Structure formats: structure tokens, C-alpha cells
Amino acid sequence: DRIDDAVGEVMQACELAPQWTGALNLLAALHVAGGQREMGRDAWYRSLQLNAKQPNVLLALAELAVSDGDPKAAQMAYAEASDLGSAEALYRMAELSHSQGDSDGARLYLQRFFDQTTGGPKHAPAVALSSNLDAELVRERSIFAAVGVFLVMMVGVVSWRRFRRKTVSDLIERVPGVAHDVSLVVSAIRH
């Protein structure tokens, strides 16, 4: 009820001052908060037609696209906001890339984010995302290293066994007491 009253009042302001982007942006936010997402999106687009240099509106549209499950539209809106100087858009692009499994892209966006923010990396969610990406990179490298060590060991074992191969007769000559056991195993294999 209160949102509907607020929407009515802001719509009156929009009628009185149709070029006022602040009123359009407020109207859009109220529509989205009231569950009328398409009306909110339309109001934000009208606001952008009046003034295209509104990175916060582009961020809001991107967030709306993310919640609608449209990562391409979100990425485009974030990129436009970033082009207008929004460092927050870079962080959001990193977050979106990471959620889509693109860790390398996320690292690049985070690096650009940290380069653009003043006073160093003090954005707690960005620092946390950066730590997560670093941990993932360490895990990936550890897995590749473990696989590499395993392969080298396998090649080494196969090579060692090939060069140290002994025949059954050589083994029986070295330990004559096992001849009876070896003949039982060989006959079991044959049958």
C-alpha cells in the first residue's frame, strides 16, 4: 500500500517534470520494489534516454538482469557502467564471471577494480572474492602437479620394471624353496 502511494506521488512528479531523471529512477526503483519489474526496467530505460551517463542506473539494470537469469544483458550493462567510470561495475563483472566459471575473467576484472579504487583494496566482498579465486588457482595447480607427479611415477615404475624384469626361472634359481608354490600358481593360471 505504501509503495503504491509512493508510486502515485512520484508519477505526479514525473508528469510535472518529465525530463527529471531522478524522479524516473525513483519511480523505477519503487516499481521493482513493488514487484513490477518490467515497469521499473522501462522507467530506467526512459531515464537513460534522457541522460545516458548514469552508471548507477546501468548497475541497477544489470542487477535486475542477473536476478532475471540473463547474464548477457547483465554483462553488457555492467560493461557500460564500467565505461562510465564505475569501479563497482568491475567488481560485479568479476562476481558474474566467477559465478559462470570464468575464473580468469574474474581475476582480470578484479585487478581492474583494485586498480581503479583509491586507497587500495578495501572493498571487503572484492577482497573475499580475490581470496577465493587465489584459493581456486592453488587447488587447480595442486591437482595439475599431483597428476604430473603421478604420471612421472608411473613412467618411472614401468621403466624400472622393464629394465629389472626377471624370468620365473631366474627367480626359482635365486630362491629354490618356492619352486613348488610357483608351479601351483602357474598350473592354476593355465587351467
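This is a predicted model, so every value here is computed, not measured. The first residue in the sequence is number 1, and the count goes up from there. Heavy atoms only: backbone and side chains are in, while hydrogens, waters and symmetry mates are out.
- The minimum heavy-atom distance linking Leu110 with Ala94 is given by the pair CG-CB, 3.7 Å.
- Between Tyr45 and Leu61 the shortest side-chain heavy-atom distance falls below 4.5 Å.
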Apply side-chain hydrogen bond (donor to acceptor under 3.5 Å, both in side chains) to residues Glu38 and His31 and explain how you reach the verdict. CA-CA 8 Å; Glu38 284 306 314; His31 279 310; over 6 Å; no

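- Minimum heavy-atom separation, Leu50 to Pro18: CD1-O, 3.5 Å.
- Follow the hydrophobic side-chain contacts under 4.5 Å out from Val32 and you never reach Leu27; the two are in separate clusters.
- In this structure, CD in Glu95 is found 11.5 Å from CD in Gln100, a value given to the nearest 0.5 Å.
- A continuous path of ILVMFWY side-chain contacts below 4.5 Å connects Tyr109 to Phe113, so both sit in one hydrophobic cluster.
- Judged by distance alone, with hydrogens and angles left aside, the side-chain atoms of Asn25 form a donor-acceptor pair with the main-chain N or O of Thr21 at under 3.5 Å.
- The CG atom of Leu133 sits 10.5 Å away from the CG atom of Leu108 when rounded to the nearest 0.5 Å.
- Nearest heavy atom pair, residue Ser103 against residue His98, reads OG-CD2, 4.4 Å.
- Proximity of a side-chain donor or acceptor of Ser47 to a complementary backbone N or O of Ala43 within less than 3.5 Å is not detected.
- Residue Met39 is not grouped with residue Trp44 when hydrophobic side chains (ILVMFWY) are merged at heavy-atom distances under 4.5 angstrom, including chains of intermediate members.
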Can you give the donor-acceptor pairs under 3.5 Å from side chains of residues 139-154 to other protein atoms, not counting sequence neighbours?
unit_1 : atom_1 : unit_2 : atom_2 : d
Ser142 : OG     : Val138 : O      : 2.8

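- Residues Met93 and Ala79 approach most closely at SD-N, 3.5 Å, considering heavy atoms.
- Counting only residues at least two apart or on different chains, no salt bridge (charged side-chain N to carboxylate O under 4.0 Å, His left out) pair has a member in residues 42-60.
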Without placing hydrogens or testing angles, list every side-chain donor-acceptor pair under 3.5 Å for residues 64-71, not counting sequence neighbours.
unit_1 : atom_1 : unit_2 : atom_2 : d
Ser67  : OG     : Arg37  : NH2    : 2.3
Ser67  : OG     : Glu63  : O      : 3.4
Ser67  : OG     : Leu64  : O      : 2.9
Asp68  : OD1    : Arg37  : NE     : 3.2
Asp68  : OD1    : Arg37  : NH2    : 2.7
Asp68  : OD2    : Arg41  : NH2    : 2.3
Asp70  : OD1    : Ala73  : N      : 3.4

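- Using a 4.5 Å heavy-atom threshold, the side chains of Pro55 and Glu88 count as separate.
- A salt bridge between Asp104 and Arg107 is present, with a side-chain N of the basic residue lying under 4.0 Å from a carboxylate O of the acidic one.
- Leu59 has its side chain within reach of Tyr78: a pair of non-hydrogen atoms, C-beta onward, lies under 4.5 Å apart.
- Nearest heavy-atom pair, Leu96 versus Ala74, reported as atom, atom and distance to 0.1 Å: CD2-CB, 4.0 Å.
- Both Leu84 and Leu48 are members of a single hydrophobic cluster when ILVMFWY side chains are connected at heavy-atom separations under 4.5 Å.
- Pairing each heavy atom of Leu90 with each of Ser82, the nearest pair is CD2-OG, 3.3 Å.
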